[in-house]
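Here the structure is a predicted model, which is why all the values come from computation and not from measurement.
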Amino acid sequence: MRKVAVIGGGTMGNGIAHVFAMQGIPVHLAEMNRELADKALAAIERNLERMVGKEKIDAARKKRTLEHITTFTDVAESVEGVDLVVEAVPENFELKKKVFSQIDQAAPEAAIFASNTSSISITRLAATTSRPGQFIGMHFFNPVPVMKLVEVVRGLDTSDRTVQIVEQMAERLEKTPVEVADYPGFVSNRVLMPMINEAIYCVYEGVADPEDVDAVMKLGMAHPMGPLRLADFIGLDVCLDILHVLHDGFKDPKYRPCPLLVKMVDAGKLGDKSGEGFYTYD
Ligand code: 3HC
């Protein structure tokens with residue numbers, strides 16, 4: 001892998017660009033406009049500085065990492081000459097389909113397409129491109145520079161060679177690849193989101209308030225964050241999107257989103273990113 005493109009510079013996209021560039025791999029980071037591209041680069045600079053502060057890397061490595069990142073505001077241009085494209089745009093099928101249709105012609109024929117989708121069918125996304133055999137799910141976890149897992153999702157037509165290359169790439173990023181089959185929410189969110197949803201039902205039904213629900217899971221189950229703090233961290237809109245994918249995908253009422261979650265998202269209370277969710281953030 002000589003060069004990688006990352007489409008989308010949000011929390012996941014800039015984290016993905018960060019870890020590739022830190023391994024000395026040139027990264028083309030594409031965003032919709034200059035302002036968002038600069039914001040993504042600033043977030044990477046901040047997180048690298050945090051790692052320098054913790055003496056995990058030195059200032060020279062931070063500088064080299066930033067030199068390996070080039071930002072683009074033209075998605076088609078950003079995939080020229082790359083070997084791998086990692087798509088990390090919001091959790092919406094039509095939006096992801098549009099991005100892949102923009103890059104399918106522009107990217108080299110041999111390039112592998114990976115989606116960082118949290119839950120959407122890889123087989124369905126792959127079928128919108130001319131290269132379903134070179135299409136795969138590469139699901140990273142927030143914060144990307146810290147979390148060790150890459151959930152590798154094999155679509156119905158994904159080739160063994162594509163899986164092998166992407167698993168080797170995950171190890172090169174000092175991550176652990178775990179291969180799973182292509183069903184809604186894969187393993188990670190099929191297990192995580194019902195837990196978060198049930199925690200929200202506990203608040204909705206007055207079993208306990210958010211602080212206490214989180215305290216139970218942190219002190220009782222040694223979770224690093226309680227489920228409601230984690231929901232805020234992930235984004236309540238993202239949690240709702242994933243629950244919808246599970247509910248529609250399995251047609252099982254057990255995945256129906258808690259009405260309180262729906263109401264909070266309707267109110268724009270999305271968690272960290274909006275300054276308020278189950279907790280308030282300055
Ligand atoms: N970049 C670089 N380093 C970071 C970082 C970032 N963005 N965020 C945290 N860190 C580092 C800190 O520097 C610190 O380093 P240290 O261990 O050397 O001290 C370490 O991570 C811990 O961070 P903090 O001390 O600031 O705070 P915490 O101890 O509370 O850890 C946390 C923060 C790592 C987020 C921890 O709370 C955690 O692991 N939470 C659970 C996260 C989780 O479950 N993520 C998955 C969500 S699901 C998902 O992403 C899938 C999607 O599809 C929904």
Please examine the side chains of Ile57 and Lys62, heavy atoms only from C-beta on, and report whether any two atoms are closer than 4.5 Å.
-> yes
Quick one: does Glu151's side chain have a donor or acceptor within less than 3.5 Å of a partner on Ser188's backbone?
-> yes
Heavy atoms, side chains only, cut-off 4.5 Å: are Val86 and Ile7 in contact?
-> no
Between Ala5 and Val79, what is the shortest heavy-atom contact and its length?
-> CB-CG1, 4.1 Å
Would you give me the side-chain donor-acceptor pairs under 3.5 Å for residues 168-180, sequence neighbours excluded?
residue	atom	partner	partner atom	Å
Lys175	NZ	Val144	O	2.4
Lys175	NZ	Met147	O	2.8
Glu179	OE2	Arg154	NE	2.7

Stepwise side-chain contact (heavy atoms from CB on, under 4.5 Å) test for Val150 and Phe140 = CA-CA 5 Å; Val150 174; Phe140 291 84; 3.7 Å; yes
Okay, side chain of Asn33, backbone of Leu36: is any donor-acceptor separation there less than 3.5 Å?
-> yes
Where the side chain of Asp182 meets the backbone of Thr123, is there a donor-acceptor pair that is under 3.5 Å apart?
-> yes
Picking from Val85, Asp104, Val89, what satisfies side-chain contact (heavy atoms from CB on, under 4.5 Å) with Val99?
-> Val89
Locate the shortest heavy-atom distance separating Phe100 from Ala114; write the atom from each residue and the value.
-> CZ-O, 4.2 Å
The reported gap from CZ in Phe186 to OG in Ser118 (rounded to nearest 0.5 angstrom) is 8.0 Å
Should Val245 and Ile122 be regarded as members of a common hydrophobic cluster, given that ILVMFWY residues are connected when their side-chain heavy atoms come within less than 4.5 Å of each other, either directly or indirectly?
-> yes
Is there side-chain contact between Met51 and Asn47, with at least one heavy-atom pair below 4.5 Å?
-> no
Distance, nearest 0.5 Å, that separates CG of Asp241 from CE of Met193 = 10.0 Å
Could you tell me whether the side chain of His223 reaches within less than 4.5 Å of the side chain of Met195, counting heavy atoms only?
-> yes
Modelled atom types, side-chain donor and acceptor of Ser159 and Gln134, under 3.5 Å | no
Over all atoms of both residues, closest heavy-atom pair of Pro90 and Leu95 = CD-CD2, 3.6 Å
Pair Arg229 + Asp272, salt bridge at N-O below 4.0 Å | yes
How are the rings of Tyr201 and Tyr204 set relative to one another: parallel (under 30°), tilted (30 to 60°) or perpendicular (over 60°)?
-> perpendicular
If Ile, Leu, Val, Met, Phe, Trp and Tyr residues are connected whenever their side-chain heavy atoms lie under 4.5 Å apart, and connections chain through other members, are Val6 and Ile103 in the same group?
-> no
Kindly state each residue pair satisfying salt bridge (Lys or Arg N to Asp or Glu O under 4.0 Å) with at least one member in residues 66-86, sequence neighbours excluded.
-> Arg2-Asp83, Lys63-Glu67
Please confirm whether the backbone N or O of Arg61 pairs with a side-chain atom of Thr65, one donor and one acceptor, at under 3.5 Å?
-> yes
Kindly give the heavy-atom pair with the smallest separation between Leu236 and Gly277, and that separation in Å.
-> CD1-CA, 4.1 Å
Between Pro184 and Gly249 the two heavy atoms that sit nearest each other are CG-CA, 3.9 Å
Lys218, NZ atom: more than 12 neighbouring heavy atoms under 6.0 Å = no
For atom CD of Glu35, decide whether the heavy atoms of other residues, nucleotides or ligands shown that lie under 6.0 angstrom number more than 12.
-> no
Please lay out, stage by stage, how Ile196 and Ile234 fare under the test side-chain contact (heavy atoms from CB on, under 4.5 Å).
-> CA-CA 11 Å; Ile196 286 177; Ile234 294 168; 4.1 Å; yes
Mind running side-chain contact (heavy atoms from CB on, under 4.5 Å) on Leu230 and Leu192 for me, showing each step along the way?
-> CA-CA 10 Å; Leu230 181 56; Leu192 177 64; 3.8 Å; yes
Find the distance between CD1 (Ile165) and CG (Leu84) and round it off to the nearest 0.5 Å.
-> 9.5 Å
Can you tell me how far CZ of Arg190 sits from OH of Tyr183, rounded to the nearest 0.5 angstrom?
-> 9.5 Å
Which heavy atom in Val213 sits nearest to a heavy atom in Ala199, and how many Å separate them?
-> CG1-CB, 3.9 Å
Distance only, no hydrogens: is a donor on one side chain within 3.5 Å (strictly under) of an acceptor on the other, for Ser119 and Glu91?
-> yes
Can you tell me how far the NZ atom of Lys269 sits from the CD atom of Glu276, to the nearest 0.5 Å?
-> 3.5 Å
Start with the C-alpha distance between His139 and Asn189, add both sets of side-chain angles, then the distance that settles side-chain contact (heavy atoms from CB on, under 4.5 Å), and finish with yes or no.
-> CA-CA 11 Å; His139 185 205; Asn189 285 314; 3.4 Å; yes
For the hydrophobic clusters of this structure (ILVMFWY residues joined by side-chain heavy atoms under 4.5 Å, transitively), does one cluster hold both Ile69 and Leu48?
-> yes
So, His28 side chain and Ser78 main chain: donor-acceptor pair closer than 3.5 Å or not?
-> yes
Ignoring hydrogens and geometry, is there a side-chain-to-backbone donor-acceptor pair from Asn197 to Cys258 under 3.5 Å?
-> yes
Backbone of Leu228 reached by a side-chain donor or acceptor of Asp214 within 3.5 Å = yes
Relative to Phe93, does Arg124 satisfy both conditions: NZ or CZ under 6.0 angstrom from the six-membered ring centre, and within 45 degrees of the ring's axis?
-> yes
Measure the spacing between NZ of Lys3 and CD1 of Ile25 and express it to the nearest 0.5 Å.
-> 13.0 Å
Report yes if some heavy atom in the side chain of Phe278 is under 4.5 Å from a heavy atom in the side chain of Leu260; otherwise report no.
-> yes
So if you build clusters from Ile, Leu, Val, Met, Phe, Trp, Tyr with side-chain heavy-atom gaps below 4.5 Å, do Val152 and Val19 land together?
-> yes
Would you check if the side chain of Tyr279 reaches a backbone N or O of Pro210 as a donor-acceptor pair within less than 3.5 Å?
-> yes
With the side chain counted from C-beta on, respond yes when Glu49 and Arg46 share a heavy-atom pair under 4.5 Å apart, and no when they do not.
-> no
Does Arg161 use its side chain to pair, donor to acceptor, with the backbone of Gly133 at less than 3.5 Å?
-> no
For the side chain of Glu31 and the backbone of Gly9, is there at least one donor-acceptor N/O pair under 3.5 Å apart?
-> yes
